[in-house]
Peer 1: 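Below you will find the structure I want to go over with you.
Numbered from 1 within each chain, the chains take letters A, B, ... in sequence-line order.
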Protein chains: 2
Amino acid sequence: MAANPSAPAHPPSAAHDASARELIAARGGRVTRTRVAVLEVLRASHQPLNHDQICSALEGAGEHHDRVTLYRALDWLVEQDIATRVAGSDRAWKFELVRHHGHRHAHFHCQRCGRVLCLEEVEPALCGALPSGFSLAQAELVLHGACADCNAPEAGTEHQACL
Amino acid sequence: MAANPSAPAHPPSAAHDASARELIAARGGRVTRTRVAVLEVLRASHQPLNHDQICSALEGAGEHHDRVTLYRALDWLVEQDIATRVAGSDRAWKFELVRHHGHRHAHFHCQRCGRVLCLEEVEPALCGALPSGFSLAQAELVLHGACADCNAPEAGTEHQACL
DNA sequence: GCACAAATGCTACAATGTTGCACAAATGGC
DNA sequence: GCCATTTGTGCAACATTGTAGCATTTGTGC
Ligand SMILES: [Mn+2]
Ligand SMILES: [Mn+2]
Ligand SMILES: [Zn+2]
Ligand SMILES: [Zn+2]
């Protein structure tokens, strides 16, 4: 870490970091190391991440965060509608930022590489009507199949579990 | 149990039991106590059941089955395409019989009573196209909201977790 | 800086599955 | 019906994912 006090401590993610702090403070929460770090990780990812992936990402960046604290930070982000939970194929929740408010998109679970990707262009829809008396709060659509990478004939690269 | 050898041992579920045994044998599996019992429970239920609910149902009928054996029986049924796994809202799998082969229906998760119901009339659909290169094996649609029972104004009955 | 509420970091514990392995039981051929 | 073979079972131990309780620390407003 550069100790130069006249320059911003972290060059490119500074703006991100700033707005992460603002976002947290705006919700009336305390700006803590873990909340900021988790928010940064989620912001940097274009796919939903589970607790373990987030933990590894932080650990990889040399930051250690307590397991329980991480769970609690994620719970708080979901409570505040900053993030959402996505049901995974294994039985671990995945988390992603709510990027465009109110926008619901489908997810794709690749049965080959195991990744879960956001299909920003695909919205859940129902073919048939809800039985009377039922009220709908939210529709969750998960497609299972093979992703483009795994379908590509030029094998060689094993797209296995690439974060 | 009536010991009369000229009459079927179990009056109403005999047909069920018979075809459960046949179904299992037809897949080349051994007809065991647990597989038959689990199949009967699934057949009798009109909603997906998790491991614990199945275990309770059996226990309630005076039958004890080992936890692990139950898991393995369920795994086998899924492998054989006799049953399917349905992702639950908690992190336990639910299981249901494949009743009409190839028929995919949506599920409804009531956020009030916690039940997961089959919406046999509703099929998953996508609004928007799959990105090129992707191939789809199966679509899974889960609707979240309040079921008819929970929406009914005549409260009194707490529809909580009724099997 | 101080006070105080809000978060953290432990340690335990709960829920849901999975693995390995010795033993039992279902099946098919006699 | 009996035996041999193969398939499942039952148990104990372990793995993963998440929660609860509680003493200690930290962020915030003054
Ligand atoms: Mn997404
Ligand atoms: Mn169903
Ligand atoms: Zn893939
Ligand atoms: Zn309900």
Peer 1: Treat primed atoms plus P, OP1 and OP2 as sugar-phosphate and everything else as base, then score nucleotides 25-30 of chain D 5' to 3': B for base contact with protein heavy atoms under 4.0 Å, S for sugar-phosphate contact only, - for none.
Peer 2: -BBS--
Peer 1: Not counting sequence neighbours, which residues clear ring pair (Phe, Tyr, Trp, His ring centres under 6.0 Å) with H101(A)? List them please.
Peer 2: none
Peer 1: Using side-chain hydrogen bond (donor to acceptor under 3.5 Å, both in side chains) as the criterion, list what pairs up with S56(B), not counting sequence neighbours.
Peer 2: none
Peer 1: Kindly express the pairing pattern of DNA chain D in dot-bracket notation, using | wherever a base pairs with another strand and counting only Watson-Crick or G-U pairs under 3.5 Å.
Peer 2: ||||||||||||||||||||||||||||||
Peer 1: Filter on ring pair (Phe, Tyr, Trp, His ring centres under 6.0 Å), then keep only pairs touching residues 47-75 of chain A, sequence neighbours left out; what's left?
Peer 2: H51(A)-Y71(A)
Peer 1: Taking transitive links into account, so neighbours of neighbours count too, which hydrophobic residues share a cluster with L126(B) at under 4.5 Å side-chain distance?
Peer 2: F108(A), L117(A), L119(A), V122(A), L126(A), L130(A), F134(A), L136(A), L141(A), L143(A), F108(B), L117(B), L119(B), V122(B), L130(B), F134(B), L136(B), L141(B), L143(B)
Peer 1: Could you note down all residue pairs passing ring pair (Phe, Tyr, Trp, His ring centres under 6.0 Å) where residues 21-40 of chain B supplies at least one of them, sequence neighbours left out?
Peer 2: none
Peer 1: Does any N or O in the side chain of R21(B) come within less than 3.5 Å of the main-chain N or O of V36(B), such that one atom is a donor and the other an acceptor?
Peer 2: no
Peer 1: Not counting sequence neighbours, which residues clear side-chain hydrogen bond (donor to acceptor under 3.5 Å, both in side chains) with T84(A)? List them please.
Peer 2: none
Peer 1: Would I24(B) end up clustered with F95(B) when hydrophobic side chains under 4.5 Å apart are linked, directly or stepwise?
Peer 2: yes
Peer 1: Donor-acceptor pair, R35(A) side chain versus R30(A) backbone, under 3.5 Å?
Peer 2: yes
Peer 1: Listed by chain and number, what are the salt bridge (charged side-chain N to carboxylate O under 4.0 Å, His left out) partners of E123(B), not counting sequence neighbours?
Peer 2: none
Peer 1: Tell me which residues in residues 62-73 of chain B put a heavy atom below 4.0 Å from DNA chain D, sorted by number, or none.
Peer 2: D66(B), V68(B), T69(B), R72(B)
Peer 1: State, yes or no, whether a side-chain contact exists between T69(A) and T32(A) at a heavy-atom distance under 4.5 Å.
Peer 2: no
Peer 1: Tell me, which pairs form a salt bridge (Lys or Arg N to Asp or Glu O under 4.0 Å) where one or both residues lie in residues 88-99 of chain B, sequence neighbours left out?
Peer 2: none
Peer 1: Heavy atoms of chain A, cut-off under 4.0 Å: which first and last nucleotide of DNA chain C, 5' to 3', fall inside that, if you could look?
Peer 2: dA5(C) to dT16(C)
